**Student:** 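Submitted below is the structure of interest, expressed as structure tokens.
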Amino acid sequence: RKVIKRDVLAIADFAAPSREPRFYLLDMLNGRTTQFLVAHGKGSDPEHSGMLQHFSNIPGSEATSSGSYIVGDTYIGEHGYSRRLAGLDPENDNAESRAIVIHPAWYVSEGLIAEQGKIGRSQGCFAFSVDDIAQVISRLSTGSMLYADKV
């Protein structure tokens with residue numbers, strides 16, 4: 001019932017390495033799919049291999065959580081133009097208290113991939129390149145659903 005916007009669905013497939021676009025916006029009306037780079041949390045990849053090793057919902061873990069999220073309002077925060085998330089599952093129900101959000105990050109870029117073969121890591125947030133964040137935030141409106149897992 002919380003998913004009131006069903007025109008766009010987001011899927012973060014953390015089975016792929018961070019150097020590959022693994023965040024998908026699926027336009028349910030016309031079938032179009034758009035892919036983006038997205039960071040995972042430091043706590044999910046302690047060795048910084050570029051591969052998510054495990055999920056966690058524990059406060060302070062700095063890890064990415066799996067499951068379904070409801071997309072919330074936009075705001076201007078520490079990282080700039082961002083969008084709140086609320087976890088809908090037991091695996092991510094601490095998302096709000098952990099401040100897990102969608103935000104831009106300098107460490108998500110093609111330049112870093114060319115330099116080190118992977119992008120940087122967040123503190124559990126869904127971090128996007130500065131160039132992509134406006135499109136992600138504008139297409140994922142309040143009430144949309146985001147699903148994250150190793151798909």
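As the structure is a prediction and not an experimental result, all values here were calculated from the model.
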**Student:** Within this structure, what is the CD1-CD distance for the pair Ile70 and Glu96, rounded to the nearest 0.5 Å?
**Tutor:** 10.5 Å
**Student:** Return yes when atom NZ of Lys150 has more than 12 non-hydrogen atoms of other residues, nucleotides or ligands closer than 6.0 Å, and no otherwise.
**Tutor:** yes
**Student:** Any donor-acceptor pair under 3.5 Å linking the side chain of Ser44 with the backbone of Gln53?
**Tutor:**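 Such a contact is absent between Ser44 side chain and Gln53 backbone.
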**Student:** Measure the shortest side-chain to side-chain distance between Asp132 and Phe23 over non-hydrogen atoms and say whether it is less than 4.5 angstrom.
**Tutor:** no
**Student:** Let me check something: do Ile137 and Tyr69 share a hydrophobic cluster, defined by ILVMFWY side-chain heavy atoms less than 4.5 Å apart, either directly or through other members?
**Tutor:**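 Yes; tracing contacts between hydrophobic side chains, which count when under 4.5 Å, links both residues.
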**Student:** Okay, side chain of Asn92, backbone of Leu88: is any donor-acceptor separation there less than 3.5 Å?
**Tutor:**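 Indeed, once roles are kept as given, a pair shorter than 3.5 Å links the two residues.
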**Student:** Given Thr34 and Arg139, is the side-chain hydrogen bond (donor to acceptor under 3.5 Å, both in side chains) satisfied, shown in steps?
**Tutor:** CA-CA 10 Å; Thr34 313; Arg139 291 188 57 206; 2.8 Å; yes
**Student:** Please find the pair of heavy atoms, one from Gln135 and one from Ser138, that lie closest to each other, and give the distance.
**Tutor:**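 So the minimum-distance heavy-atom pair works out to O-OG, 3.2 Å.
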**Student:** So, does Asn94 use its side chain to make a donor-acceptor pair with the main chain of Pro59 at under 3.5 Å?
**Tutor:**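 Here the side-chain-to-backbone pair does not exist.
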**Student:** Quick check on side chain to side chain contact (heavy atoms under 4.5 Å, CB included): which of Asp93, Ile100, Asp89 does Asn57 satisfy it with?
**Tutor:** Asp93
**Student:** Hey, is the main chain of Val151 close enough, under 3.5 Å, to the side chain of Asp13 for a donor-acceptor pair?
**Tutor:**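 At least one qualifying donor-acceptor pair exists.
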**Student:** Going through the distances and angles, do Val8 and Leu25 end up as a side-chain contact (heavy atoms from CB on, under 4.5 Å)?
**Tutor:** CA-CA 6 Å; Val8 176; Leu25 289 180; 4.1 Å; yes
**Student:** Whether the side chain of Arg98 engages the backbone of Ala63 through a donor-acceptor N/O pair (distance < 3.5 Å, no angle test) should be reported.
**Tutor:**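 Yes, the answer is positive, given that a donor and an acceptor are paired below the 3.5 Å cut-off.
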**Student:** Is there a path of hydrophobic side-chain contacts, each under 4.5 Å between heavy atoms of I/L/V/M/F/W/Y residues, joining Ile11 to Leu37?
**Tutor:**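 Shared cluster, no.
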**Student:** Measure across Ile133 and Tyr81 and return the closest heavy-atom pair with its distance rounded to 0.1 Å.
**Tutor:**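 Minimum heavy-atom contact is CG1-O, 3.8 Å.
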**Student:** Should Phe14 and Met145 be regarded as members of a common hydrophobic cluster, given that ILVMFWY residues are connected when their side-chain heavy atoms come within less than 4.5 Å of each other, either directly or indirectly?
**Tutor:**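 Each belongs to a different hydrophobic cluster.
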**Student:** Does some side-chain heavy atom of Val108 sit less than 4.5 Å from a side-chain heavy atom of Ile119?
**Tutor:** yes
**Student:** With Ala134, which residues qualify under side-chain contact (heavy atoms from CB on, under 4.5 Å), at least two apart?
**Tutor:**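 side-chain contact (heavy atoms from CB on, under 4.5 Å) list for Ala134, sorted by chain: empty.
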**Student:** For the pair Asp27 (side chain) and Gly31 (backbone), establish whether a donor and an acceptor sit closer than 3.5 Å, ignoring hydrogens and angles.
**Tutor:** no
**Student:** Are Ile113 and Trp106 linked, directly or through intermediate hydrophobic residues, by side-chain heavy-atom contacts shorter than 4.5 Å (ILVMFWY only)?
**Tutor:**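 Same cluster: Trp106 reaches Ile113 through Ile, Leu, Val, Met, Phe, Trp or Tyr contacts under 4.5 Å.
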**Student:** Is it the case that more than 12 heavy atoms not belonging to Leu26 sit under 6.0 Å from its CG atom?
**Tutor:**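 More than 12 within 6.0 Å, yes.
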**Student:** Taking the six-membered ring for Trp and the full ring for Phe, Tyr or His, determine whether the centres of Tyr24 and Phe36 are under 6.0 Å apart.
**Tutor:** no
**Student:** Does the side chain of Ser65 come within less than 4.5 Å of Glu91's, by heavy atoms?
**Tutor:**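 No, side chains not in contact.
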**Student:** Test your reading of the model: is there a side-chain donor-acceptor pair from His40 to the backbone of Gln123, 3.5 Å cut-off?
**Tutor:** no
**Student:** Compare all side-chain heavy atoms of Ile102 with those of Leu140 and state whether any distance is below 4.5 angstrom.
**Tutor:** yes
**Student:** Side chains of Thr142 and Arg83: any donor to acceptor distance under 3.5 Å?
**Tutor:** yes
**Student:** Taking all atoms of both residues into account, what is the closest heavy-atom pair of Leu85 and Ala95, and its distance?
**Tutor:** O-CB, 4.3 Å
**Student:** Does any pair with a residue in residues 109-122 pass side chain to side chain donor-acceptor pair (under 3.5 Å), and if so which ones, sequence neighbours excluded?
**Tutor:** His48-Arg121
**Student:** For Tyr147 and Asp149, which I'm curious about, is there any donor-acceptor pair between the side chains at under 3.5 Å?
**Tutor:**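 Yes, because at least one side-chain N or O of Tyr147 sits under 3.5 Å from a partner of the opposite role on Asp149.
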**Student:** Flag the pair Val3 / Leu9 as yes when at least one side-chain heavy-atom distance between them is below 4.5 Å, and no otherwise.
**Tutor:**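 Result no, sub-4.5 Å side-chain heavy-atom pair not found.
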**Student:** Can you tell me how far the NE2 atom of His54 sits from the CE atom of Met51, to the nearest 0.5 Å?
**Tutor:** 14.0 Å
**Student:** Does a side-chain heavy-atom distance below 4.5 Å link Phe126 with Val136?
**Tutor:**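 Side-chain contact under 4.5 Å: no.
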**Student:** Using every non-hydrogen atom in the two residues, find where His79 and Pro104 come nearest and quote the distance to one decimal.
**Tutor:**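 For His79 and Pro104, the tightest heavy-atom pair comes out as O-CG, 3.0 Å.
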**Student:** Using a 4.5 Å cut-off on heavy atoms from C-beta on, say whether the side chain of Cys125 contacts that of Val101.
**Tutor:**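 With C-beta onward as the side chain, the pair touches.
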**Student:** Check whether any side-chain heavy atom of Asp7 sits under 4.5 Å from a side-chain heavy atom of Met28, and report yes or no.
**Tutor:**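 Asp7 vs Met28: side chains apart.
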**Student:** Give me the atom names and distance for the closest heavy-atom approach of Pro21 to Gln35.
**Tutor:** CB-CB, 3.7 Å
**Student:** Kindly give the heavy-atom pair with the smallest separation between Lys5 and Ser141, and that separation in Å.
**Tutor:** CE-OG, 3.2 Å
